[in-house]
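Structure, as structure tokens:
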Protein chains: 2
Amino acid sequence: MASIRDVARKAGVAISTVSKVLNHYPNVSEETRIKVNEAIRELKFTPNTIASALSSKQAGRVALLVNLNTQTQAIDEIDMQYLSGAINKAQEKGLDVITVFFSMIKDRSVAEIENYLRAQAIEGIIIYGMSREDRVLHKLIEGQQFKIVAVDAPFVNQSTSSVAIDHEKAQYDVARKTLHENQGNRILYIAGKKNGFVTTQRLEGIKRLAAQEGLSLFVRQGDFSEKKARQLTFQYARNRDIIVCASDLMAIGAMRALQEMDIFRPVCGFDGITLMGYAGKQMNTVKQDFYRVSSEAMEEMGRLLEGGEGRAVVLDFSIVRMQYLDIIC
Amino acid sequence: MASIRDVARKAGVAISTVSKVLNHYPNVSEETRIKVNEAIRELKFTPNTIASALSSKQAGRVALLVNLNTQTQAIDEIDMQYLSGAINKAQEKGLDVITVFFSMIKDRSVAEIENYLRAQAIEGIIIYGMSREDRVLHKLIEGQQFKIVAVDAPFVNQSTSSVAIDHEKAQYDVARKTLHENQGNRILYIAGKKNGFVTTQRLEGIKRLAAQEGLSLFVRQGDFSEKKARQLTFQYARNRDIIVCASDLMAIGAMRALQEMDIFRPVCGFDGITLMGYAGKQMNTVKQDFYRVSSEAMEEMGRLLEGGEGRAVVLDFSIVRMQYLDIIC
DNA sequence: TTGTAAGCGTTATCAA
DNA sequence: TTGATAACGCTTACAA
């Protein structure tokens, strides 16, 4: 492996000059720049990121903190889109990425986690799927020791940005569309997990709709579980006209239950996962582009790392109906 | 951030002594070890992995090279299981992991890739989903510059191990079971992608069964595509008694086509993905534990990194029928 | 514009 | 068993 030393020797310049060329410093003559780049090419030199990180104290490493959906593999799709969106964008921006699961830092104190991350030379963290219960993460954010981008969680401070779609509006929109395409005014709303941020936001959305259109709104916690949604449907659907679910998985659970009950009720979901195409019946759902959300999160991380200050980034969504033939290929 | 220097000062010993304690060197007295560990605890010291890597030239970093299934998100599940299996095991073993997608190194030469990886201080690579066409990767393996574990690809040399289930036997077993549970001897076999290693191995399995049981075997390439399997089913299923598919996705495509044709044929799949639970009809399939496969791959990487030599690791599988109620939760 | 040299936080060699 | 000290490959004042 050629080192910066070899390049310097070959180009007949000092090591620091090579470094300057490498890092695009302004004060380098065109002549030497060319000489150096030639040497670099000839030696197939690639700078050692470890040494560079140690020296500059800037590793440009960001950790993806993922709350794996251990409940069901059917939505690994979401996490995978998150990961690939972030990783691809990171490579584009020359950032180094490591993936960390919530399970790995569970039960550790803030100080321990900070040390762990700092030892790994982590400068930034993108957090996916944080809930109100994750006290330690809240402290991590408050501490402002790291640049943080929170996906789907409303945290913003000097060194923290949030990235998300407008869940309130999305829930409102999809439910409204479903309502207007059908009859009835008694809604069964199957909500998400108790302390999730998106759960609250989506709930606000359906409440606004109900208030505005004078609907009878019956809310139950579904915990984002297909099974729970199934049970709730068996229990309450008969006396309701429309079933609005805070996730696709729950919508699928509800729809299958309805089929087994042999009654029909319009159902709508949220997320736009592929599985919706296999559900038999088509349903309205909010299509989030998870890949793009994550890609934007990494973009935002780049901004923060370069000294930008935290802000809230809001992305768009669309309302779709997913069907089998569009999904397979 | 406390450094090794601070620890040394606090414990009243030399830096090198602290380093020895940190790395569990033998020649340290019980007394100093305790003193040092106390200082470490009090200062909440965590060694800087960057500095350690630079100094020892051993970063213990391994790259996960993933061939993302861009075709369909329905099987992101597989990649996600691979990633989480590897990452969890890596943390357990104190290895640092980065994730790289095939798309990121596409069109680069072997030398470029080697440089890229070396610059990232990568020592080992776990490759998921390599095919015969990936010439560059073959060269990377032959070069033996890195420790490599190939998942589902039959490469073994001094510094390369392979990890996989016995695809030939698995295909044989699942097809045999399906055959014996039903009538008929005319098989439509929908194979995988042309140059995939597992495609060949699974094909061998069905051929052995056909030869052994005197079956009429009709083989078509399905490219692991649900749509292709659907087309092939429409085209050929009528004159066949049983449809054996080299993947679950294709099995689902075949099954739906049969339903639309309004005829019944037994179908079996391969992989054991969650989606099978939503297919309507239950089918036999080979259940691979992807999480475990990947976990074992990382374990094997650990062995190689410690100087062990390459070998073939064969994992087990099971034949299952997947149904909706088992899958939801 | 270029070069010299002092770090960055470890590990490892060799004396003590 | 311990401690100095020279690497590791790079960045960055500061000097020339």
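Order of the sequence lines sets the chain letters (A, B, ...), proteins ahead of strands, with each chain counted from 1.
- Atom-to-atom, CD1 of B/Ile15 to P of C/dT13 comes out at 17 Å; the value is rounded to the nearest Å.
- A/His138 and A/Phe155 have tilted rings, their planes meeting at an angle from 30° to 60° on a 0 to 90° scale.
- Atoms CZ (A/Arg9) and P (C/dT4) sit 14 Å apart, rounded to a whole Å.
- In the set C/dT10, D/dT11, C/dG3, C/dT10 carries the atom at the smallest distance from any side-chain atom of B/Ser52.
- For B/Ser56, no side-chain nitrogen or oxygen approaches OP1 or OP2 of C/dT10 to under 4.0 Å.
- The distance between atom CG of A/Leu22 and atom C1' of D/dT12, rounded to the nearest whole Å, is 14 Å.
- Of the listed residues (B/Val62, B/Val149, B/Leu140, B/Thr160), just one forms a side chain to side chain contact (heavy atoms under 4.5 Å, CB included) with B/Ile125, and that residue is B/Leu140.
- Applying the 3.5 Å distance criterion, the base of C/dG3 shares a donor-acceptor pair with the side chain of A/Lys20.
- Residue-to-nucleotide proximity on DNA chain C shows that, of B/Ala2 and A/Arg33, the 5′-proximal contact is made by A/Arg33.
- Atom CG of A/Asn27 and atom C1' of C/dT1 are 7 Å apart (whole Å).
- Residues B/Ile87 and B/Leu64 meet the side-chain proximity criterion, which asks for heavy atoms closer than 4.5 Å.
- Between atom NZ of residue B/Lys89 and atom CD1 of residue B/Ile126 there is a gap of 11.0 Å, rounded to the nearest 0.5 Å.
- Closest approach to the B/Ala51 side chain among C/dT2, C/dT10, D/dC10 is made by C/dT10 (side chain taken as heavy atoms from C-beta onward).
- In the set D/dG9, D/dG3, C/dT11, the nucleotide with an atom closest to the side chain of A/Ile4 is D/dG9.
- OP1 or OP2 of C/dT2 has not a single side-chain nitrogen or oxygen of A/Tyr25 nearer than 4.0 Å.
- Dashed line: the shortest gap from a side-chain N or O of B/Ser16 to OP1 or OP2 of D/dT2 is not under 4.0 Å.
- Across all strands shown, A/Ser19 has heavy atoms under 4.0 Å from base atoms, whether or not it also approaches the sugar-phosphate.
- In this structure, the NZ atom of A/Lys35 is 10 Å from the C1' atom of C/dT2, given to the nearest Å.
- B/Ile50 comes within 4.0 angstrom of no nucleic acid atom, judged by non-hydrogen atoms across all strands.
- Within the nucleic acid shown, B/Asn48 comes within 4.0 Å of sugar-phosphate atoms alone, with no base atom in reach, counting heavy atoms only.
- For B/Asn23, a side-chain nitrogen or oxygen approaches OP1 or OP2 of C/dT11 to under 4.0 Å.
- Using a 4.5 Å heavy-atom threshold, the side chains of B/Met301 and B/Lys147 count as touching.
- Taking side-chain N and O atoms only, B/Lys57 has a distance below 4.0 Å to OP1 or OP2 of D/dG9.
- Rounded to a whole Å, the CZ atom of B/Arg5 is 15 Å from the P atom of C/dT11.
- In this structure, of C/dT2, D/dT1, C/dG9, it is C/dT2 that holds the atom nearest to the side chain of A/Val28.
- Contacts of B/Thr32 with the nucleic acid, taken as non-hydrogen atoms under 4.0 Å apart, involve only primed sugar atoms and P, OP1 or OP2.
- Considering only side-chain N and O atoms, A/Ser29 lies under 4.0 angstrom from the phosphate OP1 or OP2 of C/dT2.
- Residue contacts for A/Val18: at a heavy-atom cut-off of 4.0 Å it reaches no nucleic acid atom on any strand shown.
- Residues B/Leu54 and B/Thr17 each lie close to DNA chain D; by heavy-atom proximity, the contact nearer the 5' end of the strand is made by B/Thr17.
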